[in-house]
Amino acid sequence: MTDYSSGMPVYRQVAIREALQHQLVEEFGIAPNTAQKVLTRLRQEGAAYAVRGVGTFVRSDEALQDD
């Protein structure tokens with residue numbers, strides 16, 4: 001989802017999101033829609049987090065075990 005209040009230009013938000021999706025598509029051979037669902041689900045479950053203006057990151061194994 002695009003965050004218009006973040007201060008980051010929309011084109012950059014889209015580029016970051018597309019880059020992450022592309023990595024998942026290439027590495028696992030999945031469809032782009034599936035890659036987006038994966039990223040959304042990981043954020044919802046707390047296994048990934050978004051840093052405004054930077055991107056989405058998967059939490060480390062240690063951080064997940066502490067939760």
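- Every pair passing ring-ring contact (aromatic ring centres under 6.0 Å, His included) that includes a residue from residues 33-55 is listed here, sequence neighbours excluded: Y49-F57.
- Under the ring-ring contact (aromatic ring centres under 6.0 Å, His included) criterion, no residue pair touches residues 19-48, with sequence neighbours excluded.
- Between the CG atom in L24 and the CG atom in L42 there is a gap of 8.5 Å [rounded to 0.5 Å].
- Residues passing the side-chain contact (heavy atoms from CB on, under 4.5 Å) test with Q44 are T40, R41, sequence neighbours excluded.
- Taken to the nearest 0.5 Å, the CD1 atom of I30 stands 10.5 Å off from the CD atom of Q36.
- Note that the CD atom of Q21 and the CD atom of Q23 stand 11.0 Å from one another [nearest 0.5 Å].
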